[in-house]
Structure formats: C-alpha cells, structure tokens
Trainee: 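Here it is: the structure, laid out below.
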Amino acid sequence: MKLKKLNILIVSMAAAMMIPIGCKKGFLDQTSTSQFTADSYFQKASDGIALVNAIYDTYQNADLLKKSIWYYANFQTHDFYNWGADRFYNNYSIPVDFAPIEVFWARAYVGIARANSALPIIAQMKAKGVLTAALADRLTGEIYYLRGMTYYYLAASFGGVPLELKTGANAGLTARSSQDDVFKQVASDLQTAAGLLPWKEDLAATDLGRATKGAAYAYLGAAQMWLKDYKDALTNFNMLAGHYTLLPKYVDVNEYDHQNSDESVFEVQFEVAGTQSWGAGNEVAWISDFSWPEEVSNFGYDYANPGLYYSYQAGDTRKLATVIGPGDQNVSPGIIAKGGIASYPLVLAGFNSTPKDARYVGADGKIINTCGTIASPWYGSDKGRTGFYCSKMWRDPTLDGNSGTSTIFGAQNQILLRYAEVLLDKAECQIQTGDVSGGMATLKVVRDRAFGGAAPAVMQDGANFDGSAATPITDPLQMVYSEYRHELSGEYSVFYNLRRAGVAAAFIKKAYGTVDNSTNPIANPNKLDKSNEGGIHGLYNTSLPTGRDVYPIPQVERGLNPNLTQNPAYGN
C-alpha cells in the first residue's frame, strides 16, 4: 500500500537535534515537532516508531539507488552502459569527486548515525514501559537490520570502510576497517536482527515493507559468503524456505502491480506525492524512465549491451523481460495494457507529424510498437546508444518521461533482494561445500521458472558476444555465475555477486571479449545481429582494471576525515 510523505525528527544521545527527512508507506506515519528533549519527547510508542522510521529514509534517494548501487551492479558488468554525463563508467574511469558516490556515502553514514542514536533510546523506552517488549524488540531488530544492510552495501561497493558503531565526539573521524571486518560486523548486526524480527507473513498489512526475519537471514547469508563462510551462509539461506516463493511468471517479478510480492525479500518503498517536480522530495523518483529510449522519453541515460541480449538461451522468458532491442515489443503486461510503445506521446506525435517522423513508423508502415526497427534502430539523436534497452526498468505505466504530461517521477518500489537471488546464492554455497547435485537441483528451480516449466538439460548462452556459437557451460560454479547474470541483470546485484565470488574481471572478459586499455567505443562485433550496420553506437569493450572493482573513497569525505585512505587504483 502506498503511503504519505512525513517529516521525522530524531534525537541523538549527546544533544537534542532536529533532522527533517522524507519517507514513505503507511507504516511510517507519525507526527513531528520542532522543540523537544529526549526525556520529554519519547513518551509515546509512536515516537519510538518515528525514530526508527527515519533510518529507512537512507535508501529513498534516486542518486543513491540508481546512480550508485544500480550503476555499480550493471555498468561495471558491461551489461549496460551510460549515456550522458556519467560515461566514465563505460571505461571504469569513475572520478573521486563523482557526486552520487558522495551522496551514497553521506546518506549511508547519516543512516548509521540515526541507528546508533536510536538503539539506546528504544532500550530506555522499553525500560520505562513506553514501548511493549514485543514492539521494542521488533524496532531494535529493524535498527540492527538497517545498520547491517547499510554496512553491507558500503563494504561491497567501497571495500573497507569506517566502522562507526557509537555516537560521540569522535564520530566521523574513524579510519577504515578491513573489508572482512566490516562484513563480520554486518553478520553480527544481522544475526541480532534475525533473532528479533518477525517473518513477513506475521507483519500487519500496515507494516508491509518493513525489515523482516527473512530479509535479515538473507543478507546475513550474503555477508557470510563475502567471508567465504559458505556452510553457515547455507544454513541461513535455508531458513527462508516456506516463507517465500518464486512468482509463477518471470515477467511479473518487476511489474508495477506486483510490488511487495511473495518473491520480494526487501524492497525500498516509494510513493507518488502528487507533485512532478525536482523539488518534490524523496517519495517519487526518476529511476525508471531515465532508462527508456530517448525516442520515447527524451532521456535514454542508460542502454544495454547487445551481447547481453544475444546471450540468453533459446526459450528463456527472462530475455525480453530484461532487455529489448530493434523489432521487439515491450512484454510488460502493464505497458501492454497502457497501449504498448505505440501509446507514448513522442511516438504518437512523431507518427502523426507531416511528414511522418521515420523513427516512429514500423516495418509494416503503421505506427511503431517496437523498440525501433531492425532497419532503423533507436540509437538516439546522436547515434550514441546501441539500440538495446533495459525492459526491467520499463514497467511503470503511469509515466511518459519528458514528453506529454512530463510525468517523470514515479512511485515504483525498488527490489534490492528477492528469493530467486537467495536460491542462486544457496546453489553457490551448496557447490562450494561439495554438494554439487544439491546445487544443481536448486539452480534448476530458478531455471525452470525462467523457461516456463522445464529448463533445457544443457545450459549454454544463445550466442557469444561476437555472434559465434556458444558452447555448453559445464562447470557448476560458472553455471551459477551465468544465472546471476541472466536472472538479475538490470536489477541491483550482478556485479556485487561477481566481485564477491572473485571472478568479475575474468567473467566480463569471457562474456564480452574485453581488451585492456581499450577506452573508446567500438563497432558491434556481432555480425549475426541483423540491426548491426557496422557503425559506432556506444558499445565499449574495456577490461576491468585491477582495483577498479571498488568505488573510490569520495574526495569530499577524505577532506572531512583525514584518517581515510584512498583505494589504491584511484591514487593517493
């Protein structure tokens, strides 16, 4: 259910201070005040709930979700590329002053500070009887979960980061801990959270979207995988059995009308606030339509690698639900019900112009209802994109991009973790601990859904990046890595999983034939691609340089904290 915008105030233990923020979903409703002390304000259960709600706001930010986590998960793999001001992702040249990673870092540590401040206040409210033991324990579990998940993404993205676990005068001046030590803390926080939180099905409907026991176990297992503790990770992944299930149809996973589904383990909640404005706050975001073709949205800020499109095995329903190209219709049920690609204002205007705009005329001479045509791909006005786009981000039927009514900002939740990924993680752990047959059985559950019932016995890509015939994948771990790519591309996970496994550079080189020190766009090498006319259209083949698998520490933060060292690949 969609919720209202709110203003949340929190108090630190050191001094009274006000932090107004925006958030969403009915479970976050509360009142606000401008003058209070810890003793006078936290006298009602709703005050404690509001205190914890403030921590959820960490992730309700498009720069953090899209330009930091999503970019990292997808541009780093070369499955997708950037068009616009952030093209440095395409050749792994991310600058230390890139604003969104500063937003990522700053919001993460604000969220951590809020968590650290909230823990003793909730404990005090429990001791005074303001909160029942059950509510206090649940809220405490949410605090540990959110702090643990935040450190998870920090360590997975930056490597070692400062562990700030208490409030105090020296907060913000801590040196970096090792990556392993951060993940040990993540595991500790999530273990505590798992012991305090309810299962998803035990939450009231008004609390849908909050942290749950299942989410804590899932991220706990993922953290243990970073520590190579596959045995304990497997134990924690098994805890989710019976509490989550795969949706019957893969196409429904990212659908607008399937938010908070039985497959979703944790997703960031958004809400339409009634305002289409850059100053509207965090309740709406431009995450979706910035991925659409420029010909539909006037944006087109990210686009797909044709090699990803051709890598899907024949019959895999995940292909068009993930990436579409010239001649393909959007398969989203929500977009089809809207009228398909033919219904968008730019398409209608172009087709009805005099003379007709050729970009919007289909191969049959009628208004186009595909993502460009094979004869005339949607490369963008500067021909700088490949003509292939992320259909997972093209699911919100309420948006029309920077056209028509200019409905740019949408309310679709963003799924950070779903049960299919937990099953793939479980399969990797089974294989790593010697249970290869068990891992293959778990993998089959995910693949069977992908193929609409029964996956082919032999796993192999549809074709290599250059159009040559692919060979069967026989190594069990390589099967898992391939499934991470084909199940999760266009979401928030793939590069994280490849880096965690220690195979990112080699996997990308195999998938796309990457070349060291190749920094300029190249022609599409796939000669079997009927839309390929040999031009340069935003395709890169840069190999992942050593050390560039992590983000640089933001320059601003190093100026604020002289104890922060830079990741070596980015200089001193």
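Hydrogens, waters and symmetry mates play no part in the numbers below; they use all other heavy atoms, side chains included.
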Trainee: With rounding to the nearest 0.5 angstrom, report the OH to OH distance, Tyr303 to Tyr379.
Mentor: 12.0 Å

Trainee: Rounded to the nearest 0.5 Å, what separation is found between the OG1 atom of Thr514 and the NZ atom of Lys509?
Mentor: 4.0 Å

Trainee: What class does the angle between the rings of Tyr109 and Trp105 fall in, given that below 30° is parallel, 30 to 60° is tilted and above 60° is perpendicular?
Mentor: tilted

Trainee: How about Glu263 and Thr245: does a side-chain donor come under 3.5 Å of a side-chain acceptor?
Mentor: no

Trainee: Check this for me: does any side-chain nitrogen of one of Lys527 and Asp466 sit under 4.0 Å from a carboxylate oxygen of the other?
Mentor: no

Trainee: Which is it for Asn238 and Tyr217 under the side chain to side chain donor-acceptor pair (under 3.5 Å) test, yes or no, and what are the steps along the way?
Mentor: CA-CA 9 Å; Asn238 283 333; Tyr217 277 128; over 6 Å; no

Trainee: Consider only side-chain N and O atoms of Tyr419 and Ser264, and report whether a donor and an acceptor are under 3.5 Å apart.
Mentor: no

Trainee: Mind checking whether Tyr540 and His78 have ring centres under 6.0 Å apart?
Mentor: no

Trainee: Checking side chain to side chain donor-acceptor pair (under 3.5 Å) for the pair Tyr81/Asn305: CA distance, chi angles, key distance, verdict?
Mentor: CA-CA 7 Å; Tyr81 296 106; Asn305 191 326; 3.0 Å; yes

Trainee: For atom NZ of Lys228, is the number of surrounding heavy atoms from other residues, nucleotides or ligands below 6.0 Å larger than 12?
Mentor: yes

Trainee: State, to 0.1 Å, how close Met225 and Ala233 come at their nearest heavy-atom pair, and which atoms those are.
Mentor: CG-CB, 3.9 Å

Trainee: Do you know which of Asp232, Thr235, Asn236 makes side-chain hydrogen bond (donor to acceptor under 3.5 Å, both in side chains) with Gln224?
Mentor: Asn236

Trainee: May I ask you to test the Leu544-Asp549 pair for a side-chain heavy-atom distance under 4.5 Å?
Mentor: yes

Trainee: Check whether the ring centres of Trp286 and Phe409 lie less than 6.0 Å apart, and answer yes or no.
Mentor: no

Trainee: Would you say the side-chain atoms of Ser518 and Asn541 include a donor-acceptor pair closer than 3.5 Å?
Mentor: yes

Trainee: Report yes if some heavy atom in the side chain of Arg499 is under 4.5 Å from a heavy atom in the side chain of Tyr72; otherwise report no.
Mentor: yes

Trainee: So which atom in Thr542 and which in Asn90 form the shortest heavy-atom distance, rounded to 0.1 Å?
Mentor: OG1-O, 3.7 Å

Trainee: Please confirm whether the ring centroid of Phe104 lies under 6.0 Å from the ring centroid of Phe158.
Mentor: yes

Trainee: With a 4.5 Å heavy-atom cut-off, do Trp378 and Val296 have their side chains touching?
Mentor: yes

Trainee: Considering all heavy atoms of both residues, which atom of Tyr89 and which atom of Gln76 are nearest to each other, and what is their separation?
Mentor: CD2-OE1, 4.2 Å

Trainee: I'd like to know if Asp262 pairs up with Arg418 as an ion pair, taking the criterion as any Lys NZ or Arg NE/NH1/NH2 lying under 4.0 Å from an Asp or Glu carboxylate oxygen.
Mentor: no

Trainee: Side chain of Lys66, backbone of Ile287: donor and acceptor closer than 3.5 Å?
Mentor: yes

Trainee: If you measure from CZ on Phe507 to OH on Tyr481, what distance do you get to the nearest 0.5 Å?
Mentor: 9.5 Å

Trainee: In terms of side-chain heavy atoms, does Gln191 have a donor or acceptor partner in Ser188 at a distance below 3.5 Å?
Mentor: no

Trainee: Between Phe75 and Phe80, is the ring centroid distance below 6.0 Å?
Mentor: no

Trainee: I'd like to know if Arg385 pairs up with Asp302 as an ion pair, taking the criterion as any Lys NZ or Arg NE/NH1/NH2 lying under 4.0 Å from an Asp or Glu carboxylate oxygen.
Mentor: no

Trainee: Got a salt bridge between Glu421 and Lys426, using NZ or NE/NH1/NH2 to carboxylate O under 4.0 Å?
Mentor: no

Trainee: So do the side chains of Tyr219 and Val265 get within less than 4.5 Å of each other, counting heavy atoms only?
Mentor: no

Trainee: Between Ser391 and Val323, what is the shortest heavy-atom contact and its length?
Mentor: OG-N, 3.1 Å

Trainee: Tell me whether Glu255 is salt-bridged to Lys392, with the criterion being a basic N under 4.0 Å from an acidic carboxylate O.
Mentor: no

Trainee: For Asn91 and Ser93, test the side chains for any donor-to-acceptor distance below 3.5 angstrom and give the result as yes or no.
Mentor: yes

Trainee: Checking the side chain of Ser68 only, and the main-chain atoms of Pro100 only, is there a donor and an acceptor separated by less than 3.5 Å?
Mentor: yes

Trainee: Indicate yes or no: at least one non-hydrogen side-chain atom of Phe88 is less than 4.5 angstrom from one of Asn82.
Mentor: no

Trainee: Is the charged tip of Lys319 near the ring of Tyr309: under 6.0 Å from the six-membered ring centre and within 45° of its axis?
Mentor: yes

Trainee: Is atom CG of Asp475 surrounded by more than 12 heavy atoms (other residues, nucleotides or ligands) closer than 6.0 Å?
Mentor: yes

Trainee: Nearest 0.5 Å please: distance from the CG atom of Asn402 over to the CH2 atom of Trp292.
Mentor: 11.5 Å

Trainee: Which pair of non-hydrogen atoms, one from Asn532 and one from Asn526, has the smallest distance, and what is that distance?
Mentor: ND2-O, 2.9 Å

Trainee: For this output row, return yes or no: ring centroids of Phe465 and Tyr512 closer than 6.0 angstrom.
Mentor: no

Trainee: Is a side-chain N or O of Glu483 found less than 3.5 angstrom from the main chain of Leu443, in a donor-acceptor match?
Mentor: no

Trainee: Return the minimal non-hydrogen interatomic distance between Gln313 and Met459, and the atom names on each side.
Mentor: OE1-CA, 3.8 Å

Trainee: Any side-chain heavy atom of Cys429 sitting closer than 4.5 Å to one from Phe237?
Mentor: yes

Trainee: Given 3.5 Å as the limit, does a donor-acceptor pair link the side chain of Asn74 with the main chain of Gly490, or not?
Mentor: yes

Trainee: Between Tyr151 (side chain only) and Ala187 (backbone N and O only), is there a donor and an acceptor less than 3.5 Å apart?
Mentor: no

Trainee: So, Arg485 and Asp461, do they make that salt bridge, N to O below 4.0 Å?
Mentor: yes

Trainee: So do the side chains of Gln414 and Glu491 get within less than 4.5 Å of each other, counting heavy atoms only?
Mentor: no

Trainee: Testing the 3.5 Å rule here: is there a donor-acceptor pair between the side chains of Asp516 and Ser543?
Mentor: yes

Trainee: Relative to each other, are the rings of Phe183 and Trp226 parallel, tilted or perpendicular (30° and 60° limits)?
Mentor: parallel

Trainee: Is there a donor-acceptor pair closer than 3.5 Å between any side-chain N or O of Glu533 and the backbone N or O of Gly535?
Mentor: yes

Trainee: Return yes if a side-chain donor-acceptor contact under 3.5 Å exists between Ser468 and Asn464, otherwise no.
Mentor: yes

Trainee: Do Asp529 and Ser531 have side-chain atoms, one donor and one acceptor, less than 3.5 Å apart?
Mentor: yes

Trainee: Sub-3.5 Å donor-acceptor pair from the side chain of Gln460 to the main-chain atoms of Ala470, do we have one?
Mentor: yes

Trainee: Is any side-chain heavy atom of Pro456 closer than 4.5 Å to one of Arg447?
Mentor: yes

Trainee: Are Glu487 and Arg449 close enough for a salt bridge, meaning some N to O gap below 4.0 Å?
Mentor: yes

Trainee: Would you tell me whether Gln430 and Thr442 have side-chain atoms, one donor and one acceptor, within less than 3.5 Å of each other?
Mentor: yes

Trainee: Which value, rounded to the nearest 0.5 Å, describes the distance between Ser489 atom OG and Arg318 atom CZ?
Mentor: 9.5 Å

Trainee: Just by distance, no angles: are the side chains of Gln185 and Asp181 close enough, under 3.5 Å, to form a donor-acceptor pair?
Mentor: no

Trainee: Can you measure from CG (Asn260) to CG (Asn413) and round to the nearest 0.5 angstrom?
Mentor: 5.5 Å

